[in-house]
Number of protein chains: 2
Amino acid sequence: MSRNVTRADVARYAGVSSAVVSYVVNDGPRPVAPATAARVREAIEALGYRPNTTAQALRRGSSRLLGHVVPDLGNPLWAGFALAVDAVAAARGYDVLLASTDGGVEAEHRRIEALSARGVDAIVVTSVMARPDLVARSGLGIPLVQLNTFFEVPGFPSLGVDAFEGARAGTAHLLGHGRGPVALVIGGEAGELREEGWRAAAREAGSGVGPIARGEFSRRGGYDAGRRLFAPDDHPHAVFVSSDLQAVGVLRALHERGLRVPDDVAVVSFDGTEETEFTLPPLTTVRQPVEEMARAAVARALDPAPDGEHERQVLPAELVVRRSCGC
Amino acid sequence: MSRNVTRADVARYAGVSSAVVSYVVNDGPRPVAPATAARVREAIEALGYRPNTTAQALRRGSSRLLGHVVPDLGNPLWAGFALAVDAVAAARGYDVLLASTDGGVEAEHRRIEALSARGVDAIVVTSVMARPDLVARSGLGIPLVQLNTFFEVPGFPSLGVDAFEGARAGTAHLLGHGRGPVALVIGGEAGELREEGWRAAAREAGSGVGPIARGEFSRRGGYDAGRRLFAPDDHPHAVFVSSDLQAVGVLRALHERGLRVPDDVAVVSFDGTEETEFTLPPLTTVRQPVEEMARAAVARALDPAPDGEHERQVLPAELVVRRSCGC
DNA sequence: CTGAAAGCGCTTACAG
DNA sequence: CTGAAAGCGCTTACAG
């Protein structure tokens, strides 16, 4: 590798001090005579000089690097968050250092520590955990905001979709189609907001709650849950699925069981990823405002509020009606 | 933010010089007396010291950062590459700086430049371009390897799946089912390797080639292509689709047209992403060895061959037989 | 408007 | 086995 050209090379070439090179490159903080500046710019061009960002980061104490911890890029929802955070950060001149975890608390902590040691200016954690209180133990001196959490996170700014209201609306929509009680496919953790929203809708409608099938937040998890749920002859005729990925699995289980959607079973899912637009049939889904969430998270990470402002911010979900609900 | 604890703080606390702290932290290059080392470790523990990686990078001239340029994380194939590169790099103690582009040459160049200025030790470019020769103009002093290219890239190590043979095998498999000529859904660029493989299979079988429908590498692109392809009454009864994403769109077009898969039309796609396992019906697909490709790319980026070794490496694709081909 | 010098937090010859 | 010192490439008071 040929040695890189440094600020000193430029200074020598242009016949100025290295400070002046800095003033020109950064457009300050001292003024430079137009003629001098032009000479410097020529030198930069001729030599192909590019400031070394590592040295800048060390000196400035800011890397213009944003850390982003995500559970698993294989899930289109997380990939969507990664994409959105990247775009928003780029617009502010930040690059993002992405760290994926296996979804576990342990890995999440390790990655946060590593990111902090890397000198990132702030960290966004897109967590898969409903109650990621544990993260609070990391006492790193930089802003950390939790994206996609369902609950308050003591000591940290956090931000998520209104899962309760989203699930309530999705379930209510299903109930409105008069298919009787609505079943639920969801993850293992009971008492989650999507589950509560589903219950609330049933309560409001005065219909009983349908059966629950729990499974992993994956296509496979949804498939298995769907098989269990629809095996009995007196299976439910409507189901709210708490993630798109699981819904794709449910669709397959239904298909194999010979049940048509929406004729025999109406389906509404949660997340609103692109995949749902092309399932058979296209899924009616409760869309998370991924871009808005990313924008808000990055803003809060990069412009932290005056001390103590660790509020939770909730963004509204939106029901996207397609074919699977039987509208 | 509380000032970070530095190596000097540790040295003071342990009553040694800062050099000794380095020796302990890095386990060299000078030996340290066991008792001294223990004291230093205590100090590190007590103070919660973590080496500043920015300073290390500046001093060592190596950031232990790998740059990775990807077209679009919204495409599960690219997300899969991102994930795999991340995992492989992590295993070698490298973090990866991910830079997404919009798929254009311009953005790709900009991101490569930015990554280089960031001081990454090497760059992996997962390009969407069949002939990314243009990248050759960037004369950065670090290794750059092209992942997922179909052709030789003059001046750079490159690496991709055997697209010709994969497409040939997929098409031949379809031909073997005796559905007559096999149609092709593919991107806009003619003369691509997947197209050549498809042609070769037809030639070998002595069947004529089927019609071609071109469209974007997206679900939407596949959907539109599928609609055009299967509108006529004398539509083809077998189709090779050059990406999973497009195949999902084709499946929907077929469904809307009232054509059953595989009974009326047999389908084989290319890529082998997870989504294909849960489509209706599950897709027979030519799988790219994503993990192996990532491993090879990272290895070549981090352990560059002695000068001049800019060979192209081709990895075999594997036919994964599921339901859509009518087996 | 310009320059000499200190310092960001590390690592590593060099000397003892 | 241990320490004093130089230097990685920058930025920024400070002095002129």
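Below, chains carry the letters A, B, ... as their sequence lines are ordered, and counting in each starts from 1. Predicted, not measured: the structure shown is a model, and the values here were computed from it.
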How long is the straight-line distance from CZ of B/R118 back to OG1 of A/T54, given to the nearest 0.5 Å? 8.5 Å
Reported CG-to-CD distance for the pair B/L47 and B/E45, which is rounded to 0.5 angstrom: 10.5 Å
When B/S17 and B/L58 are each assigned the nearest nucleotide of DNA chain D, the 5'-most assignment goes to B/S17
Could you pick out which residue, B/A55 or A/N26, lies toward the 5' side of DNA chain D when each is mapped onto its nearest nucleotide? B/A55
Is any side-chain N or O of [X] closer than 4.0 Å to OP1 or OP2 of [N]?
X     : N      : answer
B/R60 : C/dT11 : yes
B/Q56 : C/dT11 : yes
A/T36 : C/dT2  : yes

Nearest listed nucleotide, side chain of [X], among [options]:
X     : options              : value
A/P31 : D/dT11, D/dG3, C/dC1 : C/dC1
A/V20 : C/dG3, D/dG3, D/dG9  : C/dG3
A/A19 : D/dG3, D/dC14, C/dA4 : C/dA4

Does B/R92 form a side-chain contact (heavy atoms from CB on, under 4.5 Å) with B/D303? I'd like the steps, not just the answer. CA-CA 11 Å; B/R92 301 186 50 153; B/D303 315 312; 2.9 Å; yes
Give the rounded distance in Å between these two atoms: [atom1] of [X] and [atom2] of [N].
X     : N      : atom1 : atom2 : result
A/R12 : C/dT2  : CZ    : P     : 19 Å
A/R50 : D/dG9  : CZ    : P     : 16 Å
A/R64 : D/dT11 : CZ    : P     : 13 Å
A/N52 : D/dG9  : CG    : C1'   : 6 Å
A/R59 : D/dT12 : CZ    : P     : 6 Å
B/L47 : C/dG9  : CG    : C1'   : 15 Å

How far apart are the C-alpha atoms of A/Y49 and A/V25, what are their side-chain angles, what is the distance that settles it, and do they pass the side-chain contact (heavy atoms from CB on, under 4.5 Å) test? CA-CA 10 Å; A/Y49 168 70; A/V25 170; 4.1 Å; yes
Looking for any heavy atom pair under 4.0 Å, which part of the strands does B/A33 touch: base, sugar-phosphate only, or nothing? sugar-phosphate
When you compare D/dG9 with D/dA13, how far apart are their P atoms, in angstrom units rounded to a whole number? 23 Å
Taking only residues at least two apart or on different chains, which pairs with a member in residues 63-83 of chain A satisfy side chain to side chain donor-acceptor pair (under 3.5 Å)? A/S63-A/D121, A/H68-A/T126
Does D/dG3 have a Watson-Crick or wobble mate here (both distances under 3.5 Å), and if so which one? C/dC14
Once hydrogens and angles are ignored, does a donor-acceptor distance under 3.5 Å link the base of C/dG3 to the side chain of A/Y23? yes
